[in-house]
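Okay, so here's the structure we're looking at.
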Amino acid sequence: MRDASQPGNRTQALPASLLEWYDRHARALPWRVPPEDSRAGARPDPYRVWLSEVMLQQTTVAAVKDYFHRFTTRWPGVADLAAAEDGDVMGEWAGLGYYARARNLLKCARTVVADHGGVFPDTREGLLTLPGIGPYTASAIAAIAFGRAETVVDGNVERVMARLHDIHTPLPAAKPELTAAAARSTPADRPGDYAQAVMDLGATICTPRNPACGICPWRAPCQARARGTATDLPRKTPKKAQPVRRGIAYVARRADGAWLLERRPDRGLLGGMLGWPGSDWIEGAPPEAPPVAADWTVLGAEARHTFTHFHLLLEIRIATLPHESRPERGEFLDVAAFRPSDLPTVMRKVFDLARPSFDAVM
DNA sequence: CAATCGTGGCG
DNA sequence: TCGCCAAGATT
């Protein structure tokens with residue numbers, strides 16, 4: 001019997017067995033066409049595929065679902081999104097994280113409308129020219145929305161390939177090797193379903209911890225399972241410890257109830273998002289940085305938050321301001337215009353800690 | 001290539 | 001409590 005995982009085996013037994021599994025176990029998702037419809041030639045809306053793939057970058061399906069529904073309800077097509085106000089899109093994205101994605105989402109929508117007649121390019125190469133669309137997303141859209149036989153490599157595919165072929169090279173150095181392995185088993189038929197099948201497999205069976213090898217459709221050809229190395233793969237280069245940074249956030253309310261907020265610059269951490277005026281976040285003592293001269297009260301509780309590469313401890317100071325107050329930084333948002341849900345999570349934490357103190361007085 | 005860039009869940 | 005992890009892109 002031949003080993004189906006060996007390169008050079010062109011029987012395509014690997015995609016066939018996985019697609020058979022996918023036909024029975026595909027998860028129903030709002031941006032997805034069911035496998036039976038897909039086999040009949042149906043394809044999903046490229047706009048919805050693009051939006052879902054951008055939202056899913058480094059983000060779980062569970063976290064994305066509500067955001068996807070709100071975005072597609074408010075902006076049903078790419079032209080609707082392209083015409084949206086920046087602040088509305090950033091506010092709708094608030095809480096999902098990696099806010100450069102939202103900035104690039106808008107740039108991309110506007111480019112598609114302005115330079116492509118409102119129609120997404122239907123090739124990987126064409127898609128790669130658009131903001132926020134990298135190697136993974138370009139291949140995913142080309143395969144899923146346009147039926148092109150592109151190789152889709154995300155974290156799931158890397159893990160599945162590392163185990164299937166028992167590859168011990170640590171990531172990210174192993175990336176080319178894993179991509180080559182994935183390319184060898186990408187089928188010309190149903191490439192979009194195949195890509196989603198590998199990702200479903202990685203998300204539900206070939207999981208990072210406690211993989212369910214016993215019920216895996218690829219248990220027979222899997223070399224890591226045969227050698228007992230599955231849970232050790234893929235190997236990764238160790239990452240360094242995260243430092244603690246400290247800062248001060250200033251929460252102020254005017255006598256008429258308006259809140260003092262600030263739009264952050266379009267680059268860097270939380271770029272383009274609404275937030276409370278504050279100091280820089282640094283290791284060591286946080287610098288004073290009040291947006292306006294006032295009688296600032298130090299709040300007892302601090303906001304704690306962990307970002308990708310540091311922990312943050314935010315001291316909170318609050319003040320009520322007179323009508324004639326003219327802050328050096330930030331702008332007043334009246335009660336009707338301020339939605340706490342427009343804030344990124346760290347800023348919403350600050351708000352939740354500070355608000356009771358205002359409720360008591362106002 | 002390595003660093004930057006969020007958040008929530010889970011063992 | 002903590003580290004790891006999730007359908008990565010950009011610089």
Side-chain angles (χ1 to χ4, degrees), chain A residues 26-27 29-32 44 48-68 90 93-105 107-108 127-141 143-145 150-160 170-176 179 182 192 194-204 206-211 231 234-245 264 266-273 275 281 304-312 343-349:
Chain A
R27 291 184 290 175
L29 298 172
W31 48 84
R32 182 177 276 186
R48 296 168 67 86
V49 174
W50 162 70
L51 180 61
S52 68
E53 289 300 343
V54 173
M55 286 184 168
L56 286 164
Q57 288 166 6
Q58 297 292 287
T59 309
T60 59
V61 168
V64 162
K65 275 186 174 169
D66 290 345
Y67 284 88
F68 182 83
M90 300 312 289
W93 195 277
L96 198 53
Y98 284 140
Y99 298 100
R101 292 184 296 172
R103 303 194 301 272
N104 286 328
L105 193 80
K107 284 185 198 168
C108 182
L127 290 160
L128 269 176
T129 67
L130 294 168
I133 298 184
Y136 162 77
T137 306
S139 290
I141 297 173
I144 296 169
E150 299 292 353
T151 300
V152 176
V153 184
D154 74 328
N156 290 303
V157 177
E158 289 177 348
R159 183 172 57 258
V160 170
L171 283 166
K175 180 96 177 177
T179 300
Y194 173 77
Q196 294 176 93
V198 184
M199 293 189 284
D200 274 17
L201 186 72
T204 63
C206 195
T207 51
R209 286 170 297 196
N210 305 320
T231 54
R235 293 182 56 196
K236 297 190 176 181
T237 55
K239 42 190 85 172
K240 60 180 182 182
Q242 300 170 349
V244 175
R245 296 188 192 174
R264 299 172 66 89
D266 254 351
R267 299 179 173 244
L269 194 65
L270 307 179
M273 298 301 292
W281 301 340
R304 304 172 55 88
H305 194 75
T306 298
F307 291 96
T308 308
H309 51 294
F310 64 93
H311 300 286
L312 178 65
L343 298 174
T345 299
V346 62
M347 297 296 175
R348 191 177 43 72
K349 285 183 181 177

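Note that these values count all heavy atoms, side chains included, but never hydrogens, waters or copies made by symmetry. Convention: sequence-line order gives letters A, B, ...; per-chain numbering from 1.
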Centroid separation A:His309 to A:Phe307 less than 6.0 Å: no

Side-chain N,O (A:Gln57) to OP1/OP2 (C:dG8) below 4.0 Å: no

Nucleotide C:dC2, atom P - distance to CD of A:Gln242 in whole Å: 11 Å

Nucleotide of C:dG8, B:dC5, C:dC4 approaching A:Lys239 most closely (side-chain heavy atoms): C:dC4

Protein-nucleotide distance (A:Leu96, atom CG; B:dG9, atom P), rounded to Å: 13 Å

Sugar-phosphate only, base, or nothing, as touched by A:Arg32 at under 4.0 Å among non-hydrogen atoms: base

Nearest-Å distance once atom P is located in both C:dA9 and B:dG8: 22 Å

Sugar-phosphate only, base, or nothing, as touched by A:Gly95 at under 4.0 Å among non-hydrogen atoms: sugar-phosphate

Whole-Å gap separating P (C:dT10) and OH (A:Tyr98): 14 Å

Considering all heavy atoms, the nearest A:Leu29-A:Lys65 contact: CD2-CE, 3.9 Å

Interatomic distance, A:Phe307 CZ vs B:dC5 P [rounded to whole Å]: 9 Å

Sugar-phosphate, base or nothing in reach of A:Pro172, heavy atoms under 4.0 Å: nothing

Of A:Ala173 and A:Ala100, the one whose closest DNA chain B nucleotide lies more 5': A:Ala173

A:Thr59 vs B:dG8: side-chain N/O to OP1/OP2 distance below 4.0 Å: no

Rounded distance in Å - OH (A:Tyr99) to P (C:dA9): 19 Å

Sugar-phosphate only, base, or nothing, as touched by A:Ile144 at under 4.0 Å among non-hydrogen atoms: nothing

5'-most by nearest nucleotide on DNA chain C - A:Ala203 or A:Arg267: A:Ala203

Side chains of A:Trp93 and A:Met55 in contact at under 4.5 Å (non-hydrogen atoms): yes

From A:Tyr98 atom OH to A:Thr308 atom OG1, the distance as rounded to the nearest 0.5 Å: 3.5 Å

Whole-Å gap separating P (B:dA3) and CZ (A:Phe310): 16 Å

Touch class at under 4.0 angstrom, heavy-atom based, for A:Val54 against every strand present: nothing

Which nucleotide in B:dG6, B:dA3, C:dG8 has an atom nearest any side-chain atom of A:Thr137: C:dG8

Under-4.0 Å side-chain N/O to phosphate OP1/OP2 contact, A:Thr345 with B:dG8: yes

Nucleotide of C:dT10, C:dA6, B:dT7 approaching A:Asn104 most closely (side-chain heavy atoms): C:dT10

Sugar-phosphate only, base, or nothing, as touched by A:Arg103 at under 4.0 Å among non-hydrogen atoms: nothing

OG on A:Ser139 to CD on A:Glu53, rounded to 0.5 Å: 10.5 Å

Contact under 4.0 Å: A:His309 side-chain N or O vs B:dC5 OP1/OP2: yes

Length of the CD1-P vector between A:Ile141 and C:dG8, whole Å: 13 Å

Whole-Å gap separating C1' (C:dC5) and CZ (A:Arg209): 7 Å

Sugar-phosphate, base or nothing in reach of A:Ser52, heavy atoms under 4.0 Å: nothing

Distance test, side-chain N/O of A:Arg159 to OP1/OP2 of C:dA6, below 4.0 Å: yes

Nearest atoms (heavy-atom pairs only) where A:Ala94 meets A:Leu343: CB-O, 3.5 Å

Spacing of the P atoms in B:dA3 and C:dC4 (rounded, Å): 15 Å

Over 12 non-hydrogen atoms of neighbours within 6.0 angstrom of CZ in A:Arg304: no

